[in-house]
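First up is the structure itself, then whatever we jot down about it.
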Amino acid sequence: ERQLLVAPLGEVDHEALRFGRASSKAHTLPSFRGACMNGKPKETQIEGNAMKLLIPIILASVFAFIPPAGAATVTLGASVQMSGPLANTGRYYRDGYEFAVDQINKLGGVNMGNTRAQLVLKLLDNQSDNNLAVRQYVQLLTQDKVNLLLGPFASDAVIATSSVAEKYQVPMVQGGGASDQIYSRGYKYIFGTLPSASKYFESTIEAMGKLSPAPKSVALLYADDAFDVSVAKGTRELLAKAGLKVAIDERYSTNASDF
């Protein structure tokens, strides 16, 4: 009887993954679904320069909300993890945002009705602290007067900071969080580019059913952050539908080091 270990790795620290120290924080694009077989990454995780492909999509979505105006600049604001435990991945978001804005401005900026505007990017370091990130997004809107918001990395951070966008009714487009909880609150000003976390293992489980011999049981291990909890909830339903036995269903602390 073949057994598979399914562990949510959608939000994994890229540097840790590269050196074999995978944690529970990082990201995948829709075609990079996180999966783990026998404790090793099954599918390729998104690398830092892939953010260069993601950010233009985010920016293009953002500008759908800008009304034509005569302003010469449009200011985008974001609070990202440039230091602290999530800095390895947070810096990719900083680099991606800076790269996209630089490239767009080199091409003449963005069209706004009959005018063109250059982009200005205001970035703050939230030090991997969600409470600080919330205060910084308030600062970006009330003091720095940015026009639009770009999101931080990780579902927990997006859940916390998107409340600021909702309160001030300023769109936030983010590619850093995939938890279903982000979009289950009825918010109108949060938009994302990632698939919902509950569907992350859908194609993996379909592929498992085509193996010969097919697996009969699965161990489900997940961290206690918003992303992993959403992945696990959706995966349970998918496993039940596929008729697979769940041998272990265990939640562990994000800070755990002894497995």
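Looking at N126, its side chain never comes within 3.5 Å of a backbone N or O of A133 through a donor-acceptor pair. A donor-acceptor contact shorter than 3.5 Å links the side chain of S128 to the backbone of S83. The backbone N or O of G108 lies less than 3.5 Å from a partner atom in the side chain of R116, making a donor-acceptor pair. With hydrogens and angles ignored, the 3.5 Å screen pairs a side-chain donor or acceptor of T115 with a backbone N or O of M112. Side-chain atoms of N130 do not come within 3.5 Å of backbone N or O of A160 as any donor-acceptor pair. Looking at Q181, its side chain never comes within 3.5 Å of a backbone N or O of S230 through a donor-acceptor pair. A donor-acceptor contact shorter than 3.5 Å is absent between the side chain of N105 and the backbone of Q118. Although no hydrogens or angles enter the test, the distance criterion places a donor-acceptor pair under 3.5 Å between the side chain of R185 and the main chain of I159.
Between K145 and T75 the shortest side-chain heavy-atom distance does not fall below 4.5 Å. Contact annotation: the side chain of D228 approaches that of D225 to within less than 4.5 Å [non-hydrogen atoms, C-beta and beyond]. Looking at heavy atoms from C-beta onward, V229 lies out of side-chain contact with S179 at the 4.5 angstrom threshold. V80 has its side chain out of reach of F153: every pair of non-hydrogen atoms, C-beta onward, lies at least 4.5 Å apart.
Residues V146 and V120 are members of separate hydrophobic clusters, defined by side-chain heavy-atom contacts under 4.5 angstrom among Ile, Leu, Val, Met, Phe, Trp and Tyr. Under the 4.5 Å side-chain heavy-atom criterion for grouping Ile, Leu, Val, Met, Phe, Trp and Tyr, L123 is connected to L150 within one hydrophobic cluster.
Residue N147 holds its CG atom at 7.0 Å from OG1 of T73, rounded to the nearest 0.5 Å. Between the CD1 atom of I182 and the OG1 atom of T161 there is a distance of 8.5 Å, given to the nearest 0.5 Å. Atoms CD1 and CD, from I190 and Q174 in turn, are 5.0 Å apart once rounded to the nearest 0.5 Å. In this structure, the separation between CG on L244 and OG1 on T235 is 11.5 Å, given to the nearest 0.5 Å. In this structure, CD in Q136 is found 8.5 Å from CG in D129, a value given to the nearest 0.5 Å. Expressed to the nearest 0.5 Å, how far CZ of R91 lies from CD of E98 amounts to 12.5 Å.
Closest heavy-atom contact between S198 and L238: O-CD1, 3.8 Å. Residue S155 comes nearest to A178 through the heavy atom pair OG-N, 3.0 Å, listed as atom of the first residue, atom of the second, then distance. The two residues G192 and Y183 make their nearest non-hydrogen contact at CA-OH, 3.1 Å. The minimum heavy-atom distance linking D224 with S253 is given by the pair OD2-CA, 3.5 Å. Of all the heavy atoms in D125 and L132, the pair that sits closest is O-CD2, 4.0 Å.
Classified by interplanar angle (parallel below 30°, tilted 30° to 60°, perpendicular above 60°), the ring pair F227/Y200 is perpendicular.
Shown here are the side chain to side chain contact (heavy atoms under 4.5 Å, CB included) partners of R236, two or more places apart in sequence or in another chain: L220, Y222, A232, K233, D249.
Looking at D102 and K106, a side-chain N of the basic residue comes within less than 4.0 Å of a carboxylate O on the acidic one, giving a salt bridge.
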List the atom pairs, donor and acceptor, that lie under 3.5 Å between side-chain atoms in residues 164-173 and the rest of the protein, sequence neighbours left out.
from	atom 1	to	atom 2	distance (Å)
E166	OE1	K188	N	2.9
E166	OE1	Y189	N	3.1
E166	OE2	K188	N	3.2

Does T89 form a side chain to side chain contact (heavy atoms under 4.5 Å, CB included) with Q81? I'd like the steps, not just the answer. CA-CA 8 Å; T89 303; Q81 297 91 331; over 6 Å; no

Evaluate the side chain to side chain contact (heavy atoms under 4.5 Å, CB included) criterion for residues K241 and I205: first the C-alpha distance (whole Å), next the side-chain angles of each, then the deciding distance (0.1 Å), finally the verdict. CA-CA 10 Å; K241 189 180 298 184; I205 293 172; over 6 Å; no

Please report the C-alpha distance between S162 and Y137 in whole Å, then the side-chain angles of each, then the deciding distance to 0.1 Å, and finally whether the side-chain hydrogen bond (donor to acceptor under 3.5 Å, both in side chains) criterion is met. CA-CA 9 Å; S162 57; Y137 275 104; over 6 Å; no

